[in-house]
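Notes for the one structure printed next.
This structure is a prediction, so every number in the text was calculated from the model and none was measured. So you know, we letter chains A, B, ... as the sequences are listed, proteins then strands, and number each from 1.
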There are 2 protein chains.
Amino acid sequence: MDGKVAISEKIAQSAHVDCGDCPIRHRAVCARCEADELELLEQIKYYRNFEAGQTVIWSGDQMDFVASVVSGIATLTQTMEDGRTQMVGLLLPSDFVGRPGRERASYDVVATTDMVMCCFRRKPFEQMMVRTPHIAQRLLEMTLDELDAAREWMLVLGRKTAREKIASLIAIIARRDAALSMQGTRGPLVLDLPLTREAMADYLGLTLETVSRQVSALRKDGVISLEGKRRVTIPDMGRLLEEAGDDSDGGMLV
Amino acid sequence: MDGKVAISEKIAQSAHVDCGDCPIRHRAVCARCEADELELLEQIKYYRNFEAGQTVIWSGDQMDFVASVVSGIATLTQTMEDGRTQMVGLLLPSDFVGRPGRERASYDVVATTDMVMCCFRRKPFEQMMVRTPHIAQRLLEMTLDELDAAREWMLVLGRKTAREKIASLIAIIARRDAALSMQGTRGPLVLDLPLTREAMADYLGLTLETVSRQVSALRKDGVISLEGKRRVTIPDMGRLLEEAGDDSDGGMLV
DNA sequence: TCCATCGCTTGATCTGGGTCAAGGAGCTTA
DNA sequence: TAAGCTCCTTGACCCAGATCAAGCGATGGA
């Protein structure tokens with residue numbers, strides 16, 4: 001335990017951390033790398049910290065690095081000229097930012113919590129990708145997963161009601177939390193919403209007022225209960241998934 | 001010209017066609033392959049034909065092949081228990097269907113026109129991918145492009161009005177047609193909508209009535225003109241993009 | 001030649017969620 | 001202790017798009 005604290009402190013200070021000790025070692029783009037490949041990555045990596053609220057990259061900006069999220073959460077958003085915005089991705093620890101071969105960022109990336117990123121200058125990273133197929137393999141796998149997630153969201157955005165949208169979002173966050181924290185899949189789940197009502201609205205294609213109303217409605221109906229504004233308890237996951245309009249098979253927390 | 005006709009006839013008959021003569025040779029998943037790699041693919045490929053309206057794969061079905069669209073158009077859709085459906089992808093010639101490493105299909109795939117697909121049994125294809133990085137490289141590139149397209153659609157679905165959605169869809173089809181047919185980027189564009197009103201509605205998260213109304217409205221306002229129900233003329237692409245709510249930079253037909 | 005079907009259009013009406021507005025709870029700063 | 005944030009809630013009203021309904025034109029089979 002002491003070791004872990006020391007490492008997260010080191011990371012927070014942007015001190016050099018050995019890849020072998022990295023918390024996202026087995027899920028990030030480097031997951032498949034062998035010891036020798038890791039060593040090469042080790043040489044070109046560097047850490048960067050961002051504070052909650054800080055913009056990591058503006059859409060259209062020169063993008064001369066790619067990165068993995070080590071800790072914290074960021075959002076990927078698109079904005080229209082008149083200010084309407086739509087979130088198109090939620091970046092969690094181990095997620096990858098940037099696209100090999102692309103000069104400029106296509107989306108705004110904003111830190112919603114304090115964050116640490118493990119960065120690589122783009123050119124050296126691209127060169128490495130050609131030589132080490134393990135990186136490209138893993139990146140393909142991650143990109144396919146993201147594409148599936150994006151398609152799931154297209155259904156949510158295009159066809160679900162406001163109530164179903166909120167239930168879907170809570171269910172997805174619950175599923176992810178359960179996958180990480182490994183609390184038993186039986187019994188009530190407790191989780192913290194990592195997003196403001198406005199960010200939830202941007203994710204779901206709603207207004208923040210509607211988000212607030214539907215969260216209240218789900219609470220009144222006993223589907224969830226709230227402790228403060230962010231901590232959610234789910235007494236019955238099956239009920240929540242029903243409200244989300246998901247197939248009943250979704251009970252298993254992948 | 002004679003040669004070309006012969007080839008498309010051969011393909012339509014599911015006769016064997018040399019990869020070197022394939023119409024999607026330079027855009028499909030095999031685009032980066034060298035002659036020797038092509039030869040290996042040649043040995044495991046087989047063609048399949050589908051008629052307009054035919055379902056290629058049902059969501060949840062065993063998926064023991066992957067494939068490239070050679071000609072024709074298919075849709076990728078998700079359906080909720082109560083029948084609400086959302087299109088999550090439009091498959092055009094050279095697009096790839098299926099996911100290496102995945103047993104079962106995640107979406108319904110339906111042919112909207114007569115189609116020919118170039119198929120590979122999944123296992124041999126996966127084995128080839130490990131050995132020939134050119135295939136994995138190209139698939140990564142294609143998947144990243146699809147992810148970008150999906151994110152673009154999330155903005156359309158979440159934040160655009162019905163009128164903007166219709167304009168966006170027409171603009172995208174126009175852009176793709178222009179990229180293929182290489183008609184001059186100046187002057188009026190003419191294109192055929194490859195989708196019924198209902199399919200457009202499923203793509204855009206609307207009802208078919210709203211699609212019909214908004215198409216009529218754009219016609220009345222002179223943004224487009226119609227010849228029959230499917231053939232669209234765009235007198236001024238800039239105007240259309242304005243109606244789509246896109247940034248003005250979109251004038252260039254990528 | 002007629003009927004049925006499919007894809008589409010248009011009208012009338014209804015409603016879910018947007019918009020506008022007021023205020024509350026929990027902070028930081030002074 | 002107050003003043004000023006940010007984030008959130010709730011109410012009143014409105015409108016874009018859904019729903020329900022009728023009908024048209026083209027195609028195709030009997």
Side-chain angles (χ1 to χ4, degrees), chain A residues 51-54 75 80 82-86 110 112-113 156-170 192-221 224-232 243 245, chain B residues 51-54 75 80 82-86 110 112-113 156-170 192-221 224-232 243 245:
Chain A
E51 287 174 22
Q54 203 179 342
T75 62
M80 295 172 66
D82 62 6
R84 282 176 282 176
T85 74
Q86 175 66 50
V110 180
T112 60
T113 66
V156 172
L157 289 170
R159 294 301 185 191
K160 291 196 178 179
T161 65
R163 184 183 174 98
E164 289 170 335
K165 284 179 175 180
I166 300 291
S168 298
L169 178 57
I170 296 175
D192 282 305
L193 295 174
L195 301 173
T196 65
R197 296 288 186 265
E198 189 178 19
M200 290 171 69
D202 282 344
Y203 208 156
L204 297 168
L206 298 170
T207 59
L208 70 94
E209 293 95 328
T210 299
V211 171
S212 181
R213 270 187 258 269
Q214 297 297 338
V215 170
S216 298
L218 289 176
R219 181 173 45 67
K220 262 183 218 128
D221 296 346
I224 58 172
S225 61
L226 290 175
E227 189 182 330
K229 292 165 192 312
R230 296 292 191 87
R231 174 148 298 181
V232 176
E243 292 287 353
Chain B
E51 286 174 22
Q54 201 179 345
T75 62
M80 294 172 67
D82 62 7
R84 282 176 282 176
T85 74
Q86 175 65 51
V110 180
T112 61
T113 64
V156 172
L157 288 171
R159 294 302 185 190
K160 291 196 178 179
T161 64
R163 179 189 254 257
E164 289 170 336
K165 285 178 175 181
I166 299 292
S168 298
L169 177 58
I170 295 174
D192 283 304
L193 295 174
L195 302 173
T196 65
R197 298 288 186 261
E198 188 177 20
M200 292 172 67
D202 283 344
Y203 209 156
L204 298 169
L206 298 170
T207 58
L208 71 92
E209 292 95 329
T210 298
V211 170
S212 180
R213 271 186 255 271
Q214 296 297 338
V215 169
S216 297
L218 289 176
R219 181 173 45 68
K220 261 183 217 128
D221 297 345
I224 58 173
S225 61
L226 290 175
E227 189 182 329
K229 291 163 192 314
R230 297 291 192 87
R231 174 148 296 183
V232 176
E243 293 286 355

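Using a 4.0 Å heavy-atom criterion, one finds that A/Gly205 contacts the sugar-phosphate atoms exclusively. Within the 4.0 angstrom heavy-atom criterion, only backbone atoms of the sugar-phosphate kind lie near B/Thr196; the bases stay farther away. Residue contacts shown for A/Arg230 are limited to sugar-phosphate atoms, with no base heavy atom under 4.0 Å away.
By the neighbour-count criterion of 12 heavy atoms within 6.0 Å, atom CD of A/Glu209 is densely surrounded, having more than that number from other residues, nucleotides or ligands.
DNA chain D is contacted by both B/Thr210 and A/Leu226; A/Leu226 maps to the nucleotide lying nearer its 5′ end (nearest heavy atom per residue).
Between the side chain of A/Arg213 and the backbone N or O of A/Leu208 there is no donor-acceptor pair closer than 3.5 Å. A/Gln86 places a side-chain N or O within 3.5 Å of a backbone atom of A/Tyr203 that can act as its donor or acceptor partner.
Atom NZ in A/Lys229 sits about 11 Å away from atom C1' in D/dT6, given to the nearest Å. Distance B/Leu195 CG to C/dC8 P: 10 Å, rounded to the nearest Å. Residue A/Leu218 contributes atom CG, which lies 12 Å from atom P of D/dT9 at whole-angstrom precision. Separating the CZ atom of A/Arg159 from the P atom of D/dA18 is a distance of 8 Å, rounded to the nearest angstrom. Atom CG in B/Leu206 sits about 16 Å away from atom C1' in C/dC8, given to the nearest Å. As a whole-Å value, the separation of A/Leu157 CG from C/dG16 P is 20 Å. Computed from coordinates, the B/Gln214 CD to C/dG11 P distance equals 14 Å when rounded to whole Å. The distance from atom CZ of B/Arg163 to atom P of D/dA16 is 12 Å, rounded to the nearest whole Å.
The side chain to side chain donor-acceptor pair (under 3.5 Å) test with B/Asp202 is passed by exactly one of B/Thr196, B/Thr75, B/Thr85: B/Thr85.
Within the structure, every side-chain polar atom (N or O) of A/Thr207 is placed at least 4.0 Å from both OP1 and OP2 of C/dG17. For B/Ser212 and C/dT9, the shortest distance from a side-chain N or O to OP1 or OP2 is below 4.0 Å.
The base of D/dT19 sits with one of its N or O atoms less than 3.5 Å from a complementary donor or acceptor on the side chain of B/Arg213. Looking at B/Glu209, its side chain has no donor and acceptor atom pair within 3.5 Å of the base of C/dC8.
Between B/Val215 and B/Arg197, the shortest heavy-atom distance links the atoms CG1-NH2, 4.2 Å.
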